[in-house]
Amino acid sequence: MGTKKLAIELLLKRQDVIPCVRQVVEAAESDRAALGWFPFKVFEEAATSEKLIVALAREGDQVSYAGHLLFATTFPRGHVMQIHVSSSYRRQGVAKKQLDFLKSHLAGLNYISIGARVAEDLRMSQEFWQSQDFYAHGTAPGGKTRGRTLVLRSHELPTRQLFATSGLTHRDPLGLAVEPATATKLYLLDLNVLFDLGPRRARHQDVVDLFALERLGVCRLALSTEFDAELARSATSGKTDPMQGLGQIFPKFAAPSGDDWDQFVKEIGPMVFPERHAAEKLTKNDLSDLRHLATVIHHNLAGLVTSDGSIRDAAAMLRVRYGIEVLSPAAFKILGELDSGIGAITASTRATLDLEELASGQEQGVRALLTDLGVSVSDQSSHWAADDGRKRACHRYVVLEGSRVIGYLMWPSSLRGSTCDAFIAIDESSTCAQDAARLMIVHLTGRAKEKVQRVRLNLAPQQASVREIALEVGFTGTEKAQELNKVSLNSVLVPENWTAMRTELLKVSEIGLPQAMPAFRDADQYIELQRPDGQRTQLTIFALETLLSPALICMPGRPGVLVPIQRDYSEHLLDHLDQMQLLPHGKALLYQQRHYLSAPRTLKAFQRGSLMLFYESNKGKGLKAVVAIARVINAYLSSEGAVERADLERSALEPSDLVAIGKSETKAVVVFDNLMKLPHPVPLESLRRFGCGQATQLLTSRPLTPDQIRNILLEGLQHERPAERPDLS
């Protein structure tokens, strides 16, 4: 094409397109495998009815066919039948130009959407349609000859419609921009909880934690109008009760009265006070407690926080009958202590970064960082917890480069099952900014106390590095520029735990998986999901694992490979050991995607989407066991001299270690992610029993059968094994 400027002209008018029909047909016939087949008459009629877009390339005085788009319409929807770009003009945006032209044309005619059917096995085509905002909403069988599965995609046009658009978009495929019902719950306070604020009360610290969490937005608290009536009954004549002033700072909900109140007493009285209700001897305090419960039920609040034993004894019945929670202040305690951080780690710049819990005296560095980034002083105190007043209510970490604070991470201690609101800030001017971002995000996503955790990541201004790293590990954007969302599954899914994990995922995130685990066809096969907004969408298994990372969906029939690794490398690549390390961790731990280098002959064993099961050999006092599992992203050959520094940074190797992999100057580089440590390493004796070979046979990468993979996982995930394990011999 020389140096002449290329211009793409798009034709739609019949008088312009009809002369090009024969060229269009010839181009379509040249790639039947991808485009399917239509007779000449279909193209001719489409040109006549202006349903065929032709792209011409003009280079100086030369005009050439560049591509075409065949579409059909049934108002109010259009449908792409075929799109093609000549090999001479690919990677120059011709396909996008044709689609944009079609979108503009149909939007001008008040069409509301455009559909397309794309073969599931054409991965590059699927990626193209996804990038053009055509979301997947279903699958359908293709023709009998090829036996393909077709993915049904749709793009919604910006035209005025009677009904709202679906909201489905590739930028937020799981629909996490929708606020979940569990995000911030509103609880009613009983009067006894406020009395426990007294410094000498036994529950004082629990109540302090409760109010600290409320200040951080983990929950919301309110009172019933019964609160004022209860204070009036217990007030000492002639004295002002300070509780009345405290009660004015909370929102209040009116207690039910009249027939509603009488009905509540009949229903909940026997649950909470069975004996006194039966004897018709309910006290004033009993009736006050029932009014609190009735207020919660009447206004559909999340629950009641109380220290009253009788009400809490009825908690199970109240939950089943009315869907409310009755909690003591102790339920808002920090749920266990976290470790103090990853510790020291070697960054890609060869500097040493320290991730550690925020210590007294470091608040000034945190406030200076947040101020430089444009976070207001009030937000620093209220949202970011930059002061030292709420140590028990939140987890606060800093990244230090030497003694300088270059990163800050905070998230509140929250109730089980709720959304974790995390706040992160990075000094983007630091040469270690990206490594600091990776370090904190890896720490955040790996510290979940529950199997399923929803995280809302709030960014300080000017955080390009954080956004880039977060998107790599499955965070998705929202309309709010400084907010990212993610659900972490933190689990290896097998048929035996599918139902339990599906239930937990639905409870925490309102994302619905299929009822049964599907059988494996391909890493890019589509499955249907239900989003929190009620919409149904289609995602590939590969994409779903990334969005729910760390997660592995080990469907029946999914291929896998057993790979050997020595202790000297495994502890820096896999981080599978429980004991503390004295030296800085390897830089590979900064990355979600890591690299495993192997002999070139093993390349064919690593397919995209395959499972990698790491066998730590006994050399260097290794465990002689399978210790971790991950997912293959891709694999390629690289000559020893061409192995890039970036490849080694994501591995546990130095250039001097390459010789130990084998005599060949070419190495297989395997990129993997979603690394999960097995809670119960599977020893060599078990591997022999499963038919995986002797110790000498496990010194090279080797494919595993589906039965071998299943046996290894069931033994390695003993805590997830069903009560009666089937005979696997």
Side-chain angles (χ1 to χ4, degrees), residues 120-121 136-141 149 151 173-175 450-454 474 487-532 536-561 607-613 626 628-633 673-676 678-680 682 690 703-728:
E120 185 182 69
D121 57 308
H137 62 86
T139 57
T149 297
V151 178
L174 294 179
E450 304 296 322
K451 281 291 183 185
V452 182
Q453 177 75 52
R454 176 165 175 157
V487 172
S488 294
L489 199 49
N490 290 293
S491 185
V492 179
L493 274 68
V494 292
E496 287 73 14
N497 69 359
W498 176 266
T499 299
M501 293 307 302
R502 177 185 180 276
T503 301
E504 185 66 15
L505 180 65
L506 186 63
K507 175 183 175 183
V508 172
S509 67
E510 300 178 19
I511 295 171
L513 295 174
Q515 289 286 343
M517 176 180 275
F520 182 84
R521 297 194 312 271
D522 183 86
D524 293 302
Q525 73 189 69
Y526 282 74
I527 64 171
E528 186 177 80
L529 304 175
Q530 180 173 313
R531 303 182 353 148
R536 293 191 172 274
T537 188
Q538 298 275 333
L539 281 178
T540 66
I541 294 294
F542 200 91
L544 183 61
E545 286 179 332
T546 300
L547 293 169
L548 298 180
S549 64
L552 291 170
I553 304 174
C554 301
M555 300 173 290
R558 185 168 183 174
V561 57
Q607 305 172 38
R608 182 176 183 274
S610 294
L611 301 171
M612 285 180 73
L613 291 90
V626 176
I629 182 173
R631 174 185 70 168
V632 176
I633 297 178
D673 69 353
N674 282 17
L675 178 71
M676 305 284 287
L678 292 181
H680 303 276
V682 181
F690 301 152
L704 296 171
T705 68
D707 284 343
Q708 289 170 338
I709 294 172
R710 180 171 180 268
N711 288 335
I712 292 171
L713 291 180
L714 281 181
E715 182 157 328
L717 306 171
Q718 290 179 18
H719 64 299
E720 296 177 348
R721 184 182 295 160
E724 294 185 9
R725 181 182 175 186
D727 183 10
L728 299 174

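Nothing fancy with the numbering, it's 1 onward along the sequence. Basis for what follows: all heavy atoms, side chains included, without hydrogens, waters or symmetry-related copies.
- Residue Gln718 comes nearest to Glu715 through the heavy atom pair CG-O, 2.9 Å, listed as atom of the first residue, atom of the second, then distance.
- Considering Val561, Ile629, Val682, Leu678 as possible partners of Leu613, the one that fulfils the side chain to side chain contact (heavy atoms under 4.5 Å, CB included) test is Ile629.
- Scored by the salt bridge (charged side-chain N to carboxylate O under 4.0 Å, His left out) test, Asp121 finds Arg148 as partners (sequence neighbours excluded).
- Take Thr503 and apply the side-chain contact (heavy atoms from CB on, under 4.5 Å) test, not counting sequence neighbours, and it matches Thr499.
- You'll find the side chain of Phe690 stays beyond 4.5 Å of the side chain of Leu704, heavy atoms only.
- Taking the side-chain hydrogen bond (donor to acceptor under 3.5 Å, both in side chains) definition, one finds that Arg558 meets it with Glu545, sequence neighbours left out.
- Salt bridge annotation for Arg710-Glu496: present, with a cationic side-chain nitrogen under 4.0 angstrom from a carboxylate oxygen.
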Candidate pair Leu548 and Ile553, rule side-chain contact (heavy atoms from CB on, under 4.5 Å), full reasoning:
CA-CA 10 Å; Leu548 298 180; Ile553 304 174; 5.5 Å; no

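- Shown here are the side-chain hydrogen bond (donor to acceptor under 3.5 Å, both in side chains) partners of Thr139, two or more places apart in sequence or in another chain: there are none.
- Checking each of Leu489, Leu544, Leu505 against Ile511 for a side chain to side chain contact (heavy atoms under 4.5 Å, CB included) leaves exactly one that passes, namely Leu505.
- Considering every non-hydrogen atom in both Leu675 and Pro550, the closest pair reads O-CB, 4.5 Å.
- Contact of the Leu493 side chain with the Leu552 side chain is not registered, since no non-hydrogen atoms from C-beta on lie closer than 4.5 Å.
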Where do Leu713 and Cys554 land on the side-chain contact (heavy atoms from CB on, under 4.5 Å) test, with the steps shown first? CA-CA 9 Å; Leu713 291 180; Cys554 301; 3.6 Å; yes

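- Identified under the salt bridge (Lys or Arg N to Asp or Glu O under 4.0 Å) test for residues 514-523, with sequence neighbours left out: Glu120-Arg521.
- Side-chain contact between Tyr526 and Thr149: absent, with no pair of heavy atoms (C-beta onward) separated by less than 4.5 Å.
- Considering every non-hydrogen atom in both Met612 and Val632, the closest pair reads CG-CG2, 3.3 Å.
- Taking the side-chain contact (heavy atoms from CB on, under 4.5 Å) definition, one finds that Ala140 meets it with Arg117, Leu152, sequence neighbours left out.
- Contact between Asn674 and Ala551 at its shortest, heavy atoms only, is ND2-O, 2.6 Å.
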Exercise. Is there a side-chain contact (heavy atoms from CB on, under 4.5 Å) between Lys507 and Val452 once you walk through the steps?
Worked result: CA-CA 9 Å; Lys507 175 183 175 183; Val452 182; over 6 Å; no

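- When all heavy atoms of Ser491 and Asn497 are compared, the pair lying nearest together is OG-ND2, 4.0 Å.
- Listed here is the closest heavy atom pair of Pro559 and Gln607: CG-OE1, 4.3 Å.
- Under the side-chain contact (heavy atoms from CB on, under 4.5 Å) criterion, Pro518 pairs with Trp498, Gln525, Ile527, Met555, not counting sequence neighbours.
- Among residues two or more places apart in sequence or in another chain, the side-chain hydrogen bond (donor to acceptor under 3.5 Å, both in side chains) test is passed with Ser610 by none.
- Remark: Ser549 OG to Arg631 CZ distance equals 8.0 Å, nearest 0.5 Å.
- Looking only at side-chain heavy atoms (C-beta outward), Ile633 and Phe542 come within less than 4.5 Å of each other.
- Scored by the side-chain contact (heavy atoms from CB on, under 4.5 Å) test, Glu528 finds Arg536, Gln538 as partners (sequence neighbours excluded).
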